[in-house]
Every structure is written in C-alpha cells, then in structure tokens.
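Since the structure comes first, as structure tokens, the remarks are kept for the end.
As the structure is a computational prediction, the values presented were derived from the model and not from experiment. Any value given below was found using the heavy atoms of this structure, including those in side chains, with hydrogens, waters and symmetry copies removed.
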Amino acid sequence: MTTATSSSPAQQPGSTGSRDTRRSRSSRAPGAAREERAGWLLTLPFLLLFGIFTAWPVIQSVFFSVTDITNRDLRTPFQVNFVAFEQYAKAFADPVFRQAALNTAYFVLIGVPLTMTVALAAAVALNTGITRFRSVYRLGFYTPVITSIVAVAVVWRFLLHPDSGLVNTVLGWVGIDGPNWLGSTTWAMPSLIAMAVWRNFGTAMIIFLAGLQSVPQQLHEAAAIDGANAWQRFVNVTVPILRPTILFVSVTTAIGYLQFFEEPFVMTQGGPLNSTISASMYTYQQFSFGNYGYAAALSYLIFLVIAIVTALQFRFLSEKED
Amino acid sequence: MGGVGARSRWWLYLLLTVALLVVITPFIWMVLGSFKTNAELRQVPPTWWPENATLENFRQLFSRLSFGTYFRNSTVVAVVVTVGNLLFCSMVGYALAMLRFRGKRLIFALILGTLMIPGVVTFVPLFVLVANLGLVDTLPGLFLPFLVGPFGVFLMRQFVLGLPKDLVEAARIDGAGEFRIFFQVILPLLTPALATLGILTFLGSWNNFLWPLVVAQTNDTYTLPVALALYSTGQNEQQYGLLMAGATIVVLPVLVVFLIFQRRFIQGIATTGIK
C-alpha cells in the first residue's frame, strides 16, 4: 500500500487539529479520502439509530406538545389539530399537575441537600485515614445505587409497614409509636425522600472521595498548626476546594430527582390524596390515558426545568474560575 | 488525614459500622423475607430469621407467575443493548477522536447537545414511532431505542483521545485497512473503557423502568422491574412472600456481578461522574 506510506508524512504537520481539513480536502491527499470514508462508515450505524430513536423524537415532541394528539390519532395522523400553547396553558391550570410540580420541588429541594450531606459525611469519614475495612464500607454504602428502584421500593414498602415493618418495630423498642408512613399525607413524601437518599448517596460519595484526593494535605496541617479544629478545617479548607465537585454532583442528582417516578409508582401510587404524585408520574398517567399531546407538553415542562438547572451549573462553575 | 486520635478512631469505626448495617439491612431483610411464608411476613412483631424457611415463593414465581420469561426478557434486552453500545459507541468514539472527516464537529455537537436530554422528554413520540413500526409489545421495541447513546460515545471518545496517534499511523504504514486498524489495533486497547461502559450499560438496561413499562404490554414481553412493579400494585399486592422473592430475583444477579467487578465499577463512577 503505497498510498498509506506517502500520505502519512503529508499528514504529520496537520495532525494537531482539524483546522487543516479544508486544505487537505482540496488538495486531496491520497489517505484523506480513505479516512473520510472510514469516518462516515464507522459513524453511520450510530447516526441511523440515533437519528431515528433520539433526534427525531426530540424534534417530534415539540410538535406533539402544540397539538391535540391522542391515542386515537395513531392511525389517522392528519386529524391532529394545531392548538398552539393550549396544552401548556392547560398544564398551568391543572390542579393535579400543580400539586405534582410542588411535590417534585419538595422532593428535589429536601432530597438533594440531604443526599449531599450524607454523601459528604460518608466520604470525609472514609477519608480520615482509616485503613481497615475501608473498601468494605465503601462497597456497602455504594451497593444500593446499583439496585433496581422498583425492587428496593417493594422492599421499603414492607420496611415501612405500620405494624409488621422493621422501622416501626425498631422505633417501638425506644417507645416511639411510629406512624403509618406511606398512608399519611405528612409522612409519605419524607419516606420517599429517605429511600431516595439511601438509594443514591453512594454515587455522590464515590465522586467526593475522588475529589478529596485533590485537597492538599499541607493545607490541613497548616490549619491544624494555626489551631483550627477538625470542623473548622472541614468548613474552611475541604469545602471550598470541593466546591465545584459539590456543585456538579448536586446538579446531576437534582436532574435525576426531578424525574423521580418509580418511588411513588410502587410505594404509594401517588397517594395518599396525590401527596406523592410526581411530575413524571403524572406525565406517564396522562400518556396512559391516551392524552399524548398533553403528556408531551408536560414532559417538555420537566425538560425546561432540567435545562435551566443545567445552565445554572455552567454559570456557577464559570463564575468560580473568575 | 492524620489528625484523628486512637479514641476518636474507635468512635469513627463504630459510627461507620452502624451506618453500614443500616444501609445493608434492607437487602438482608429482603433475602430473609423471600424464604418466609406470607403468614410469617404479616406477623407482629416481625421475625428476623425465617421460622420455617421455604422455597415456595420462588417456586410460585417461576411456575404460577412467569418470572422465567421476565428474567429471559430482561437478560436478552440488557445483553443486546450492551453489545450494541459497546460496538457502535466505540466505533464513533474512535472516528471522532482519530479520523478526519466532514461533519465531524457537527456530530460531536449533536452528541453533546443530547447528553442531558432525559427519557421523559422523548417517550411519548418514541412510543408513537415504535407503534407505527409495529414494535409495541416486542423485544426489539424494548431494545432498539437504546442500542446507542450519547454518553457511551462521549466516554469512548475521551478514552481514545488518550491513545497515541502514532499507533494508527504505524498500522497504516504497515498497510492495514481502516477497519482492520479499528478492530485489531484500537479495540483491544479500549478494554478498560469497554468494561466500564459495558457494566454501566448493562445495569442501566436491567434496572430501566419507564420505557419497558410503556412498551411491554403482555406477559410475554414484561421485563423483571415492570412485572414486579405491576404485581406489587395489582392483585398480588398482599402476597408479601412472592414480592420479596421477586425483588430478590431482580436485585441478586446484579449484586453478584457488582461484587465481582466492583473495583472497575467504582473507578468508572469516579472518572465519569455519571452513574
């Protein structure tokens, strides 16, 4: 293959960036055409699948959300009417969706800080220089993350059972008469949050553990010499250095929590009295009733919030660099 | 960090051990519960160790209910999705990192742009699409939309960027074709990244709920989480023993795989920052 041999020295100077593609395209180095073809062939299966099953639905969901499409329109797509922002207006006026949005905000605003706190506490505790069983603790704390939310939700439903559940039994030992957790409008949501924290703090803990490696030991020693106690060192040395990591993990956790769905689906079915119905769950319900246009509008509203949260992250992260 | 004395170290161990027990208790409770009879599970106060350990729950799951089918469905979907992602995402990741071709920047921008789009945004039009393709309530309907993903491409691209470009140049000089270079030179070097992506993809698929709930509509196509969720909220709501055994069947295989590959797994989380 002489073409390959002759093309490689020619490519050497331009191989630092793709800025030279234009030039090499016009001069048509013998290897460039081959590379171009290989690039497209390797990308083609991805582009097809991605285009059909991701890009197209993303575009379509915008159109769906401004129509009155329902399950009856699957075979007669031309009977669908354009309704502009009627579906969105309907969402803002819908008392159940407003309740669902409030529940979701509750879940995120309490759940995310709690998850961060537990994760940070676990990471710092594991980073204090204990050597024995360190990986056992880490493994144990991480285990809930890999499990199916549906499965653990089923188990937690029994744990929280008012009479034969483990939680109320243990509370009974210390003389507390535990409530009917999932049957109470007050306690159902905190129960779901507790399960979410338990299920998810492991991911944040692992990332914090990696982040803690970048906290210089000398800073801690210097602060200790200056008389700072462990708590002061944590607040004034560790937290500022971990700030970008904390922010990043908060945002990814918030994005996940904004879509919480399995927990109420399995544990409470959204009840009692819609006190745990989530935005995602309500969207799914509307979809299963056949209200596709409305469900698309609801899902777009969820997406909008996620996009805003993501944008805020980038803003805060870039502020940090100034 | 050095500043912890022997005394506070003991407190730390005690605290961590209590926390560990609290965290893993639900799993122990689940596995022990799967061997209990329904009557024992309703007992007040609850028993910890099964009084009359029985395999009846598991037997019923596989004979009366179709957990064998659900297990097979979950496995087929997870394996196909994982293989698809490993193959297609590494191909694109390599092309984006090492090859020069028109539209490359546009493709990468597309991938970055869709990295954050959650499943809840696309499931309605995706369902209509899958329905029009006649794939509702079929296994391809379950796995086709997940064969590729922006996250896998991103992960692979980042990893390939760390490989020396000379490798490819040298292989070209030796006369290897572009595909041979990818499959015989690059792919073997990607093993660590492939392992990370493989584990994450398999888990994501095994635990996936919303999409299978939407697409699977009969016993023949239910995956384990869908079947478990529907049983736990339907007529079997009070069958505590069955549900505990069902949850065990969903969780246990994943737990075993995780314990075998945990080191690679945790490194993967730490480097990608995404579960």
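- Highest contact tally toward chain A, considering only B:I111, B:V124, B:V44, B:V22, is held by B:V124 [criterion: heavy-atom pairs under 4.5 Å].
- Across B:L126 and A:P57, no two heavy atoms sit closer than the pair CD1-CG, 3.7 Å.
- Both the backbone and the side chain of A:T147 come within contact range of chain B, each with at least one heavy atom under 4.5 Å from a heavy atom of that chain.
- Interface remark: of the candidates A:S288, A:A55, A:P144, A:A121, A:P144 forms the most heavy-atom pairs closer than 4.5 Å to chain B.
- Ring planes of B:F209 and A:F261: tilted class, angle from 30 to 60°.
- In terms of heavy-atom proximity, A:E35 sits nearest to B:R100 at OE2-N, 2.7 Å.
- Of the two parts of B:L129, only the side chain, counted from C-beta on, holds a non-hydrogen atom closer than 4.5 Å to a non-hydrogen atom of chain A.
- A:V58 touches chain B through backbone and side chain together, each having a heavy atom under 4.5 Å away.
- Within the model, atoms OG1 of A:T128 and CZ of B:R9 stand 7.0 Å from one another, a figure rounded to the nearest 0.5 Å.
- Heavy atoms of A:L49 lying under 4.5 Å from chain B belong to its backbone as well as its side chain.
- Looking at A:I302 and B:V121, their side chains never come closer than 4.5 Å, going by heavy atoms from C-beta outward.
- With a 4.5 Å cut-off on side-chain heavy atoms, A:S164 and B:Q43 do not count as touching.
- Taking the six-membered ring where tryptophan is involved, the planes of A:Y137 and B:Y13 are tilted, since the angle between them lies from 30° to 60°.
- Counting heavy-atom pairs under 4.5 Å between each of A:F63, A:F64, A:F303, A:F287 and chain B puts A:F287 at the top.
- Heavy atoms closer than 4.5 Å to chain A are found in the side chain of B:A131, but not in its backbone.
- Of the atoms belonging to B:W48, it is side-chain heavy atoms, and not backbone ones, that fall under 4.5 Å from chain A.
- Using a 4.5 Å cut-off between heavy atoms, A:L47 contacts chain B through its side chain alone, with no backbone atom that close.
- Under the 4.5 Å side-chain criterion, counting only non-hydrogen atoms from C-beta, A:F53 is in contact with B:L144.
- Of all heavy-atom pairs between A:W40 and B:G103, the closest is CZ2-CA, 4.5 Å.
- With respect to the salt-bridge test (charged N to carboxylate O, under 4.0 angstrom), the residues A:E36 and B:K104 do not qualify.
- Ranked by heavy-atom pairs under 4.5 Å with chain A, the list B:A95, B:P118, B:A247 is led by B:P118.
- Interface residue B:T122: backbone and side-chain heavy atoms are both found under 4.5 Å from chain A.
- The closest donor-acceptor contact from the side chain of B:N207 to the backbone of A:I146 lies under 3.5 Å.
- For A:A230, no part lies near chain B; criterion is any non-hydrogen pair under 4.5 Å.
- Residues A:F133 and B:L20 form no side-chain contact, since every pair of their non-hydrogen atoms from C-beta on lies 4.5 Å or further apart.
- Between chain A and the residues B:W29, B:F88, B:F127, the most heavy-atom pairs under 4.5 angstrom are made by B:W29.
- Heavy atoms of B:T248 lying under 4.5 Å from chain A are absent altogether.
- In this structure, the portions of A:L159 lying under 4.5 Å from any heavy atom of chain B include both its backbone and its side chain.
- B:V92 has its side chain out of reach of A:L42: every pair of non-hydrogen atoms, C-beta onward, lies at least 4.5 Å apart.
- The candidate from B:Y240, B:F146, B:Y94 with the greatest count of non-hydrogen atom pairs under 4.5 Å with chain A is B:Y240.
- Using a 4.5 Å cut-off between heavy atoms, B:I107 contacts chain A through its side chain alone, with no backbone atom that close.
- For the pair A:G140 and B:I24, the tightest heavy-atom approach, listed with the atom from each and the gap, is O-CG2, 4.2 Å.
- Heavy-atom distances place no part of B:I249 under 4.5 Å from chain A, backbone and side chain included.
- For the options B:V251, B:V254, B:V128, B:L16, heavy-atom pairs under 4.5 Å to chain A are most numerous at B:L16.
- For B:L203, the part lying under 4.5 angstrom from a heavy atom of chain A is the side chain only.
- For B:V257, no part sits under 4.5 Å from any heavy atom of chain A, backbone or side chain.
- In terms of heavy-atom pairs under 4.5 Å with chain B, the best-connected choice from A:Y292, A:F158, A:F208 is A:F158.
- Between chain A and the options B:G93, B:G119, B:P45, B:P225, the largest number of non-hydrogen pairs under 4.5 Å is found for B:P225.
- The CG atom of B:L99 sits 10.0 Å away from atom CZ of A:R34, with the distance rounded to the nearest 0.5 Å.
- Each of A:L126, A:L139, A:V136, A:V124 has some count of heavy-atom pairs under 4.5 Å with chain B, and the biggest count is that of A:L139.
- By the 30° and 60° cut-offs, the orientation of the rings of B:F27 relative to A:W198 is tilted.
- Between the CG atom of B:L96 and the OG1 atom of A:T43 there is a distance of 6.5 Å, given to the nearest 0.5 Å.
- Both the backbone and the side chain of A:S61 come within contact range of chain B, each with at least one heavy atom under 4.5 Å from a heavy atom of that chain.
- With a 4.5 Å cut-off on non-hydrogen atoms, A:F50 touches chain B through its backbone and its side chain both.
- Of all the heavy atoms in B:V120 and A:S299, the pair that sits closest is O-CB, 3.0 Å.
- A distance of 7.0 Å separates OG of A:S148 from CG of B:L228, quoted to the nearest 0.5 Å.
- Contact tally against chain B (heavy-atom pairs below 4.5 Å) for A:Y284, A:F201, A:Y300: the top residue is A:Y284.
- Using modelled atom types, one side-chain atom of A:R157 and one backbone atom of B:S232 make a donor-acceptor pair closer than 3.5 Å.
- Highest contact tally toward chain B, considering only A:R138, A:E221, A:R37, is held by A:R138 [criterion: heavy-atom pairs under 4.5 Å].
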